[in-house]
Enquirer: 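The structure's right below; bear with me while I get my questions together.
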Amino acid sequence: MARFDTTGLDTTSLDTTALDTVWTLDKVLHPMRAASFFAEHWERQPCKVSRHDARYYAPLLSVRDLDSLITTTANPSLGRVRMVRSENGRMANKAVPHTTDGIPNMYALYRSYCDEGYTITVDRLDLSWKPVAGVCRSLEDELQHPVAANAYYTPRGAQGFLPHYDTHDVFILQIEGAKMWRLYDYPAGLPLHHETSTLRPEDLAPPRETICLGPGELLYIPRGHVHEAFTSSEPSLHLTIGVHVFRWADLISETIAAVAGDDPRWREALPVRDVAEKPAGMQSRLRELLLALAAKADPQPGLERLSRRLSANGFPLPDGHFCVLDRIDDVTEDTVVWKRDGMTCKVVALPDRVTIHFAGNIIAGPPAIEPALAFVAARHRFTPSDLPDCLEPSDKLVLTRRLIREGLLTFKPVVD
Ligand SMILES: O=C(O)CCC(=O)C(=O)O
Ligand SMILES: [Fe+2]
């Protein structure tokens, strides 16, 4: 599933025992296939997936979850809950009042939602809400691009945002209710991360199409495509899963960062005094360095750095792991162990050690255990005795217990 792999090993982290519970892109897009999505729509054209299963995305989030999400998990100090309303071409943001203990004032949210038509947005559910974190992790592993998710809850007859384009590709999952989406023809190209934009109505031609999204349906909008959304007779809760793609420019700058580590010429200071007088001299040096880079043109070190950026930002999803830690000694060579939800991993073989990376953690061991780590990366579920024989039987148990202690694996302790 990983798009690149430095070791030549199969580091696919999910085997078939896990697939029915994992939100692969095929499952998110069903019945559309991910392969045809990439061939026809990705980065190019919006598309809607119609579905007559209103509860298809219900396992991810529901209106019933919103108050607990807002009060307990959406860290208020990070400003992750917002209120926004648009009317007559003007957009109003309203600060969410907080109690003296720093919790969002729910009464104020009820009022703004019911009486004033404000949309409530909760950002970065991939950091705080386990089912959404699970789908984002799984997509991140499959696509090898960073993935994050926000929720939008809009009352009847209201609009949150003015027409805008996003700088990331979005999968809009209609969770409950319905929303109308206007899509515009507007030449924003493929914007970079910082090029966000809200458009003035006078900059826009009439919408190209209006799409009604019902519960259980999906709309994909590529980055740079202008859109706006509004409700009519029903309220709406949708989840936007954003793919914050790594671009060629990112690969090239990571490649330069990798090369600069190896070649001292890249680490020399720019000329101090002569910059203005001697741009020609700089030009020849710049050309020399870029030609040296082009002669090598090896994508692997840059891809490796991007891959590490992805996994470095992860963290384990809350699943009561301390209960498991307290019973680690119960694990025997026949105990079934498996990856914790949302854990995907990658094995990197270096000359003096082998490492396994997962959700913000890196474990290193001697090169000889590479087949064992590759086995762990490739399987969802196994017993210590299944591990390859590069390890002694007692070491199979030691490695398995270590990977539980480090937070990658779990098991079901026997209740006394
Ligand atoms: O619901 C809205 O008003 C807009 C949401 C949006 O633009 C998005 O999810 O990308
Ligand atoms: Fe948007």
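Small disclaimer: the values here were computed from a predicted structure and weren't measured. Just follow the structure's listing: the first ligand is 1, and inside any ligand the first atom is 1. Heads up: numbering here begins at 1 and tracks the sequence.
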Enquirer: Classify the ring geometry between F382 and F375 as parallel (under 30°), tilted (30 to 60°) or perpendicular (over 60°).
Expert: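 F382 and F375: perpendicular rings.
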Enquirer: So, R124 and D126, do they make that salt bridge, N to O below 4.0 Å?
Expert: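 Counted as a salt bridge, because a side-chain N and a carboxylate O are separated by less than 4.0 Å.
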Enquirer: Less than 6.0 Å separating the ring centroids of H30 and W23?
Expert: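 No, the ring of H30 stays outside the 6.0 Å limit from the ring of W23, centre to centre.
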Enquirer: Tell me whether the rings of W181 and H227 are parallel (<30°), tilted (30 to 60°) or perpendicular (>60°).
Expert: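 The rings of W181 and H227 sit tilted, inter-plane angle from 30° to 60°.
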Enquirer: Would you check whether H227 has a nitrogen or oxygen atom less than 3.5 angstrom from a nitrogen or oxygen atom of ligand 1?
Expert: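 Yes; the residue has a nitrogen or oxygen that sits under 3.5 Å from a nitrogen or oxygen of the ligand.
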Enquirer: Counting each atom of ligand 1 from 1 as listed, which ones have a heavy atom of D166 under 4.0 Å away?
Expert: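 Selected atoms, number and element: 10 (O).
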Enquirer: When you look for heavy atoms under 4.0 Å from ligand 1, do you find them on the side chain of Y165, its backbone, both, or neither?
Expert: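 Near ligand 1, Y165 shows nothing, with every heavy atom at 4.0 Å or more.
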Enquirer: Assert yes or no for the condition that the ring centre distance of Y113 to Y118 is strictly below 6.0 Å.
Expert: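 Ring-ring flag for Y113/Y118: false, centres at least 6.0 Å apart.
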Enquirer: Should F171 be listed as contacting ligand 1, given a heavy-atom distance under 4.0 Å as the test?
Expert: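 It does not; every heavy atom stays at 4.0 Å or beyond.
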Enquirer: How is the N/O/S atom of D166 that comes nearest to the Fe ion (ligand 2) named?
Expert: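 The nearest such atom is OD2.
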Enquirer: Of the backbone atoms (N, CA, C, O) and the side-chain heavy atoms from C-beta on, which set of F161 has a member under 4.0 Å from an atom of ligand 1: side chain, backbone, both, or neither?
Expert: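 Both backbone and side chain of F161 come within 4.0 Å of ligand 1.
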Enquirer: Using a strict 4.0 Å threshold on nitrogen-to-oxygen distance, state whether D53 and R51 make a salt bridge.
Expert: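 The answer is no: the pair does not qualify as a salt bridge.
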Enquirer: Under 4.0 Å, heavy-atom basis, I'd like to know which part of H164 is in contact with ligand 1: side chain, backbone, both or neither.
Expert: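 Near ligand 1, H164 shows its side chain, while the N, CA, C and O stay back.
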Enquirer: Could you see which bit of E228 sits under 4.0 Å from ligand 1, with heavy atoms only: side chain, backbone, both or neither?
Expert: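 Contact part for E228 vs ligand 1: neither.
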Enquirer: Can you check whether H225 and Y165 have ring centres sitting under 6.0 Å from each other?
Expert: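 No, the ring centres sit 6.0 Å or more apart.
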Enquirer: Just how far is it from atom CZ of R90 to atom CZ of R85, taken to the nearest 0.5 Å?
Expert: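 Here the rounded value is 11.0 Å.
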Enquirer: Please state which part of N150 comes within less than 4.0 Å of ligand 1, counting heavy atoms only: side chain, backbone, both or neither.
Expert: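 None of N150 does.
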Enquirer: T240 heavy atoms, cut-off 4.0 Å: which ligand 1 atoms fall inside?
Expert: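 Numbered from 1, ligand 1 contributes 8 (C), 9 (O).
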Enquirer: What residue and atom, counting heavy atoms only, is the protein's closest point to atom 1 (O) of ligand 1, and at what distance?
Expert: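 Protein heavy atom at minimum distance: K179 NZ, 2.6 Å.
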